[in-house]
Every structure is written in structure tokens, then in C-alpha cells.
Number of protein chains: 2
Amino acid sequence: MTRKTRQEMLTETRAKLVSAARQAFGTIGYADTSMDDLTASVGLTRGALYHHFGDKKGLLAEVVKQIDAEMDEKLATISTEAENAWEGFVCRCRAYLAMALEPEIQRIVLRDAPSILGNAYWQSSQSQCLATMAETLRQLMEDGMIVKTDHEALARLLNGGLADTAFWLANSDAPEADLSKALQSLTALLNGLLLTKEPLK
Amino acid sequence: MTRKTRQEMLTETRAKLVSAARQAFGTIGYADTSMDDLTASVGLTRGALYHHFGDKKGLLAEVVKQIDAEMDEKLATISTEAENAWEGFVCRCRAYLAMALEPEIQRIVLRDAPSILGNAYWQSSQSQCLATMAETLRQLMEDGMIVKTDHEALARLLNGGLADTAFWLANSDAPEADLSKALQSLTALLNGLLLTKEPLK
DNA sequence: TGGATTGACATACGTCGCGTATGTTTTTAT
DNA sequence: ATAAAAACATACGCGACGTATGTCAATCCA
């Protein structure tokens, strides 16, 4: 049973570090998080950190990876619960906007990560969320529901717009009012892609 | 004439620091730019830096402010050169995408600034570019050319999408091909907003 | 016009945080 | 059972930021 203990300790250590980092990065931010304090808060030293993740950026990358996977999973369940593909896509966009409003996601994934890890990190299939959205769009085009263009580029346009809108909403003086405005504009934008004569309200 | 000399030295010192910072931030990035090296490169020390801009962030804010003003000015001339308001808006979006592809803008304004200065910096009328775009949309709505929604939210959606698309293009393996894809998808998205029966190709 | 004052820097210093290099202990492999 | 490797801890050097203080020239005022 010692064998299992070894592995458990291993993964537990990694999990503790990632969890603590996620908490710290999401609140005080990446730059202001001391690796000394971070590791000490879970009863370790920087030695463990650099052994497992290479450097501070490596830890951030791991946190981002975890969050991205969670987001993609949640969005997947949401979009599949809808009655049809188009509804699912619209719900997915709205859900993404809601998630992008969470301080943790906003700070870590949308603000610090691009600056620290570089945009190359989001390239191709690095971001599950983005890849899934592009695939969904491709399907909708194939089914003739929306206008035919490059699905990857369109996914970027929509995804980036939602993220930026979330930034706007996060600092809004009237969050609930601006949120409804955002959802309204989003609907207008998405309906513009529809090929059917009767867009849903 | 000594009076003028005093002022000239003042503004010249600030200009030199901002210029050097813009160069350094745009190439090696904000985090990797040493204020010692930066000030030394223009024959000064950190004393001058902290005297004029308070801290490192203050210098970045000044650089961002300058770039944003330049972008807004360029975009303004571009959009007014078009034959009609809608054409002007479309050209403006395309021009913004092109500008967002410049490494300096991408690195400083779109990547580092949000992380370092926070999103609050872009709030309301902090970003001239964004404010102008929102106003343009408002006009188009008032003229009945595009669908009526909240112009500010729509500006966010489009602006953010363009910025994110620029990130994608910057790391593309086939930049020219992907750029045409992006422009095509952008056209599709914008045409969806049009209320007229005959969208332009 | 000459001394006082303010502004525009330079210099010196302390502190913090990262990364690396080097142990040390425990587990795994043979 | 011993060698090897993993999983950390410890110690060190280095650079960078911010602040506190000093200095010199320009401006202002009597």
C-alpha cells in the first residue's frame, strides 16, 4: 500500500499547490502573489514548486488549464441541454458571458494569462472552450442554419467579444441593467448570423 | 528665453521616457523591462522616472494613453474618408483589426495593459477608440441602418472580438490566409446587423 | 540683482522575490 | 540489500522596485 501512498502524496501536493495558486491568483493576482508565501501556506517551500512546475509561469499554466477544462465541461452540458443546436449555441454564449463575469476567471484566464503566458498559449487547441465553440459553429454552418464563413475566425470574434463584454460588465455601475443590455446586443448579433426567416427573440 | 528652456527640457524629458518605454514595452514587454536600463538608455536615472510618473505603472499608463489617442485619430480619418456611414464603420473595423496586428499595440495595449492597469482603466471613456466606436454605432442605429440595441454593449462585443481575432492572426501559421478568413467572417457578422435588404459583399 | 524657494533630477539604501544549485530523505527497482 | 531516482528542503546570488535623501539649477520676489 506504500505504492499508492506515494502517488497519493504526489497528486495531493500538486493539487494543494494548484488550489492555493488558483485562490491567490484569482484574488490578489499573479504579479502580487509571492511563491514563498504561496508554498508556505500549504506547508511546503519553493523547492516543491519548482520541482513540479518548473517556474511560476508553469504553475499559472496549470491553473489555467484546470479552469479552462472546467469551463468547457460546464458549457458542454449547458449547450446539450437545449432543444436544438441553435438554442444550445445561444445558451452557450450566454453561459460563457456569465462565467466570464466571475472574478477568478476574469483575473486569471482573461487578464493575467494572456499577458504572462502569451497569446500563443491560446493558439489552436490549447483552449478547449474556443475549440468547442468553433466546432459548434462548423456544425451549424454545415446544417445550413447560419451563414457560411470560416468557423475558427467567427469563434474568435464571438468569444473575444464576450470576454471583453464581461470586463465591461465587471466594472459597471449598474451591473444588472448593463447585463441585460449586453444580452440584448448579443442576441441581435447572433440573430444576424441566422439564415432562417424567423429569428427567435 | 530661459523660461522656455525650462519647459522644453521638462517636456523633452517626459517625451524621451515615454518614447523609450513605448519601444521597450512593445518589444521585450512590460515585465521584462528594467527601469534602470530604461532610464539609462536616455541618459537619466530612475529618479526622473518616479518624479514624473510616480511608478512603473504610471509610465505604462502614459504610453497607453498616447497610443490610444493615436489609434483613435487614425481610425477617425479612415472612417470619415468612406462614402457613407456604414462603409465608414466597416472600414473602421477592418482598420482596427489591422492596427491590432501591430506587435506594439498588441503587446502594450491589448495584453499587458489590462493585466497591469486593470480593466477599470478601459472603463467608460478611458479608451477613446471604444468611445468613438460606440458613438458611431449609435448614429447608425439612429439612422435606421442597423438593428437597434445598446450601442455601448455592441461596441464592446465587436471591439473585443476584433482584438481577440488579432491575437489569433498574430500567431497564425498562415497569416495572409487567416486574415482573409477573419475579414470574411467579420463581414458576415457585420452584415447581420444591417437592416437593408442588400448587404454589400 | 541677489537671496530664498521650488522644481527636476541623481544617489544611496533597504527589501523582496525569483531562479538555481545543492543537499537530504524516502521510495522504487533489481 | 543496495543503487538509483523521485520529492522535496535549504542556501545563495542576483536583479528590480520603491523610497528617502541630497544636489544643482532655474525661477521668483524684494
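Residue numbers start from 1 in every chain, and the chains themselves are labelled A, B, ... in the order their sequence lines are given, proteins ahead of strands.
- Backbone-only contact: A:Gly43 has heavy atoms under 4.0 Å from sugar-phosphate atoms and none from a base.
- Heavy atoms of A:Gly58 sit nowhere under 4.0 angstrom from any nucleic acid atom.
- Side-chain atoms of A:Ser34 lie closest to C:dG17 of the nucleotides C:dA10, C:dG17, D:dC17.
- Summary of the strand contacts: A:Thr13 and B:Lys56 both lie near DNA chain D, and taking for each the nucleotide with the nearest heavy atom, the more 5' one is attributed to A:Thr13.
- The residue among A:Thr33 and A:Gly47 whose nearest nucleotide of DNA chain C is located toward the 5' end is A:Thr33.
- Counting distance only, with no hydrogens placed and no angle test, the side-chain atoms of A:Arg46 and the base atoms of C:dG19 include a donor-acceptor pair under 3.5 Å.
- Nucleotide C:dA10 holds its P atom 10 Å from the CG atom of B:Leu49, rounded to whole Å.
- In this structure, A:Lys57 places its NZ atom where only 12 or fewer heavy-atom neighbours from other residues, nucleotides or ligands lie under 6.0 Å away.
- Annotation for B:Leu169 and B:Leu179: closest pair CD2-N, 3.5 Å, computed over non-hydrogen atoms.
- Here the closest non-hydrogen pair linking B:Thr80 and B:Ala76 is OG1-O, 3.0 Å.
- The side chain of B:Thr45 sits closest to C:dT11 out of C:dT11, D:dT10, C:dC18.
- Distances were taken from every side-chain heavy atom of A:Leu44 (C-beta onward) to each of D:dC8, C:dC18, C:dA8; the shortest belongs to D:dC8.
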Determine, step by step, whether B:Arg156 and B:Glu152 satisfy the salt bridge (charged side-chain N to carboxylate O under 4.0 Å, His left out) criterion, reporting the C-alpha distance in whole Å, the side-chain angles of both residues, the deciding distance to 0.1 Å, and the verdict. CA-CA 6 Å; B:Arg156 285 278 170 179; B:Glu152 218 171 339; over 6 Å; no
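- Which of C:dC9, D:dA16, C:dC18 sits closest to the side chain of A:Met35 comes down to C:dC18.
- For B:Leu38 and D:dC17, the CG to C1' distance is 13 Å, given to the nearest whole Å.
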